[in-house]
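Here the structure is laid out as structure tokens; the discussion comes afterwards.
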Amino acid sequence: MAVLNALIEAAGLEKTYPARDRKGTAFRAVAGVDFQVHRGEAFGFLGPNGAGKSSTMRMLAGVSAPTAGTLRILGLDPVADGRRVRARLGVVPQDDSLDTQLTVEENLLVYGLYFGLSRRAVRARAGELLEFARLEDKAGERVEHLSGGMRRRLTIARALINEPEILLLDEPTTGLDPQARHVLWDRLFRLKQDGVTLILTTHYMDEAEQLCDRLVVMDKGLIADEGSPRELIERHVTREVLELRFPPGEHEEVGRKLGDQVEVLPDRLLWYADDGEQALAQATEAGVRPLTALVRRTGLEDVFLRLTGRSLTD
Amino acid sequence: MNDRIALPPAGGAHLVVLRNLWVHKGGSPWTMALFSVFEPILYLLAIGVGIGGLVGEVPGVEVPYAAFVAPALLATAVMNSALEETTQTAYAKFAFDRFYHSLAVTPITVSGLVLGEIAWGMLRGLITGLGFLAVVTALGLVTSPWVLLAVPAGLLIAFTFGAAGFLTAGYVRGWSDFQYMQLVMLPMFLFATTFYPVTVYPEPVAAVVRALPLYHAIELVRGPALGQVGPGLLGNAGYLAAVGLVCFLLARRRWRRLLTA
Amino acid sequence: MAFRALAYWLVRYRRTWRGTIVVSVANPILFLLAIGAGLGTLVEGTVEGASYLAFFAPGLLAAATLQNAFVEAGFKVNSALRRERIYSTAAATPLEPGHILAGHLMFITLRLMLSAAAFVVVMALFGLTGSVGVALAVTLAATLTGLAFAAPLAAWAVTVSDFPQLNTVFRFVVMPMYLFSGTFFSVTQLPGPLRAVAYALPLWHGVDLCRALALGTATPGTSLLHAGYLTLCCVAGVLVARVTFRRCLHA
Ligand SMILES: Nc1ncnc2c1ncn2[C@@H]1O[C@H](COP(=O)(O)OP(=O)(O)O)[C@@H](O)[C@H]1O
Ligand SMILES: [Mg+2]
């Protein structure tokens with residue numbers, strides 16, 4: 001029974017921010033979304049900047065009251081029961097909010113106390129988490145001196161201090177270099193294996209493909225579709241895609257010539273086809289002479305493109 | 001899994017204080033006191049002794065000028081210590097360290113946060129007050145044992161201004177706004193009978209001065225310090241407590257809006 | 001080239017000048033009312049032949065300019081290098097560190113002069129400046145006093161890592177100087193050895209210069225001596241700043 005297992009249930013969830021000043025207008029950042037998250041799964045929000053991911057996450061974290069709709073977390077109302085909900089969540093916000101004046105270990109200790117843990121419990125837990133975050137040899141270091149990747153790992157370790165049932169991660173790897181990202185992904189995999197429910201937002205399709213069992217594609221405050229990465233790809237795009245590049249200005253014209261099956265982007269044409277090589281042959285036959293041609297497997301980037309007509313990263 | 005979690009009482013206010021103590025762990029409370037006491041002592045020497053040399057009798061006061069100014073400088077020093085923590089430092093914690101945002105996702109409540117920061121300001125004020133008192137005693141400017149009332153008085157003063165400061169911090173948009181705060185603080189410091197009794201002013205001006213919280217803070221310290229203890233002090237204390245309470249309630253409302261938008 | 005660096009600061013100042021003018025006018029009004037007029041009523045007789053208010057006002061002007069110099073050449077210079085990284089942006093253009101320094105110092109000079117002028121206008125409202133000539137002379141003397149601090153301060157502030165160090169120096173060096181350089185009371189009231197220290201402080205020279213000009217007691221000899229001493233501080237500061245700016249901007 002799926003419903004029994006739903007840790008989070010949102011229906012018609014909305015968030016409207018009041019106007020910043022008299023001249024401004026109110027802004028609806030989340031415009032009515034429905035989703036459920038089940039115990040033990042890794043659930044993702046994939047969407048470009050401004051899609052409303054962080055706004056949704058802040059409602060889930062119980063620090064932002066929904067303007068409309070219903071939201072139940074762990075069977076509780078996150079507004080009325082905010083404290084009890086927060087006690088059982090771990091939150092990794094989009095912007096690091098580590099205590100830069102304290103050391104790495106102190107950050108974990110004091111954060112644990114905020115959750116009402118005893119000093120002894122918090123000490124033991126901090127030791128485990130330092131190891132988990134691979135920061136054992138940085139325990140006495142001030143946070144200021146850590147690299148971006150280390151800070152992010154410490155933020156995650158901190159969010160785990162209360163052994164949360166749900167871990168919320170808002171853009172966990174944005175701004176990190178590729179190596180730091182892989183270290184982080186590896187840690188998140190381990191959490192998943194340990195049965196922690198993960199909810200994360202990202203605008204990287206590779207991250208979503210790697211980490212999420214199930215995800216929703218979000219754009220302009222709405223959910224465009226929902227499913228596993230595999231399902232979404234199968235539902236919306238062909239198996240392969242042919243990428244064609246032309247000298248500037250020729251895209252439109254070639255696009256028209258090739259018809260509906262191609263998407264025209266500012267810098268290239270995408271031709272969705274089950275067999276990319278065959279599509280290329282067809283294009284050559286039609287007299288199209290691209291500067292470069294590349295056949296690759298389709299991914300979530302293409303799903304997003306098909307759903308919204310825009311690319312994820314611009 | 002979560003049976004070890006007992007929600008902290010009082011919204012976790014004491015934990016906010018604890019965190020601030022940890023940040024200061026490196027330095028002792030005495031270095032902290034030295035920092036906050038140095039400036040008022042300088043003022044005391046310059047104004048009390050330097051200008052005191054020029055000033056004859058203060059009308060209606062029989063003590064040396066320095067002994068008249070010292071209690072006012074004590075009240076001001078306590079006020080400034082509490083304000084420093086709840087305005088500039090608090091703003092930095094909010095806007096740059098995102099410390100309050102990180103508290104917002106824990107079981108610490110907004111009430112707990114506001115209470116904790118005000119209590120921290122009171123602790124700072126207390127240390128400053130004690131340090132100043134020690135120096136003033138050493139300089140031989142203490143004339144009455146009632147001066148010990150300055151300790152509870154200092155706590156109340158720090159509460160009032162701490163609450164007012166934290167309320168203000170909730171409306172600050174950038175560092176340059178503190179310039180405007182200075183525009184309120186400086187005249188209050190200069191006119192709230194710090195340097196001469198309220199009797200110097202003509203009546204309408206005196207009424208305005210009597211509305212300043214710092215005026216009541218100074219009265220509350222100066223009376224006992226000069227051995228003049230009367231029921232009027234309760235009025236001063238009541239005024240400060242009322243201002244502090246209102247500021248606390250408003251601050252709580254403001255910070256709730258800021259942190260849970 | 002230096003004018004390009006100056007232009008940057010002027011453009012920035014366009015956004016904040018209103019606030020600074022309000023502060024530079026309000027502060028002296030408040031001080032002169034409370035200390036000069038209020039406390040002055042308690043002062044018996046005259047100080048150095050003048051009313052307490054007339055004695056105090058020019059001293060406070062010099063001291064206030066020192067405070068402004070500390071903000072502009074201490075905090076702002078440091079922040080331009082560290083927190084806001086304005087200098088590094090400028091250093092990536094054809095501007096040399098020397099130009100950047102010159103541009104900023106020119107702006108600081110204007111800024112100090114503006115505040116001093118506002119203060120002198122307030123003094124005039126209190127009837128404390130004899131003529132327009134006196135007012136101009138006092139403004140220039142105060143600006144020179146500010147520069148005698150601004151140049152060495154800039155030289156030092158650019159080498160400092162962050163604000164706390166500046167705060168410490170402000171609290172333990174600037175404030176004592178502010179209070180004991182003859183601003184609030186004559187240095188002759190200080191005990192012997194302390195008096196000697198006060199005479200060596202640039203601020204005392206600034207205070208005495210402004211005061212003598214405002215009270216009309218200035219003699220060419222002492223005035224030139226004061227101005228010379230202040231100019232010396234200023235020139236020495238610029239020379240050191242040229243070195244430290246080069247070292248810290250092209251680090
Ligand atoms: N506190 C706020 N007040 C007003 N508008 C906001 C606020 N926070 C976010 N927004 C706006 O809501 C939209 C969605 O923001 P956000 O939820 O942060 O998106 P995402 O995390 O997907 O990038 C953006 O256009 C943003 O400008
Ligand atoms: Mg976001």
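Here is the naming used below: chain letters follow the sequence lines, and residue numbers restart at 1 for every chain. Values in this document were obtained by computation on a predicted structure and should not be read as measured data.
Looking only at distances, no side-chain donor or acceptor of B:Tyr196 sits under 3.5 Å from a matching main-chain atom of C:Gly40.
Here the straight-line distance linking atom CD of B:Glu39 with atom CG of C:Leu179 works out to 8.0 Å at 0.5 Å rounding. Taking OG1 of B:Thr194 as the start and CD1 of C:Ile35 as the end, the distance is 8.5 Å to the nearest 0.5 Å. Note: C:Thr168 OG1 to B:Phe35 CZ = 4.0 Å, rounded to the nearest 0.5 Å. A distance of 12.0 Å separates CG in B:Leu54 from CZ in C:Phe56, rounded to the nearest 0.5 Å. Annotation: the span from B:Ile41 atom CD1 to C:Met175 atom CE amounts to 13.0 Å, rounded to 0.5 Å.
Below 30°, between 30° and 60°, or above 60°: for C:Phe172 and B:Phe38 the angle between ring planes is between 30° and 60°, a tilted geometry.
Looking only at side-chain heavy atoms (C-beta outward), C:Phe180 and B:Leu42 come within less than 4.5 Å of each other. Using a 4.5 Å heavy-atom cutoff, the side chains of B:Tyr65 and C:Leu39 are in contact.
Checked against a 6.0 Å centroid threshold, the rings of B:Phe189 and C:Phe31 do not count as neighbours.
For B:Tyr180, the part lying near chain C is the side chain, with the backbone staying farther off; criterion is any non-hydrogen pair under 4.5 Å. In this structure, chain C has heavy atoms under 4.5 Å from both the backbone and the side chain of B:Phe195. If you measure heavy-atom distances from C:Val47 to chain B, the contacts under 4.5 Å come from the side chain alone. For a residue to count as touching a neighbouring chain, one of its non-hydrogen atoms must lie under 4.5 Å from one of that chain's; by this rule C:Phe184 touches chain B with backbone and side chain alike. Interface residue C:Tyr52: only side-chain heavy atoms are found under 4.5 Å from chain B.
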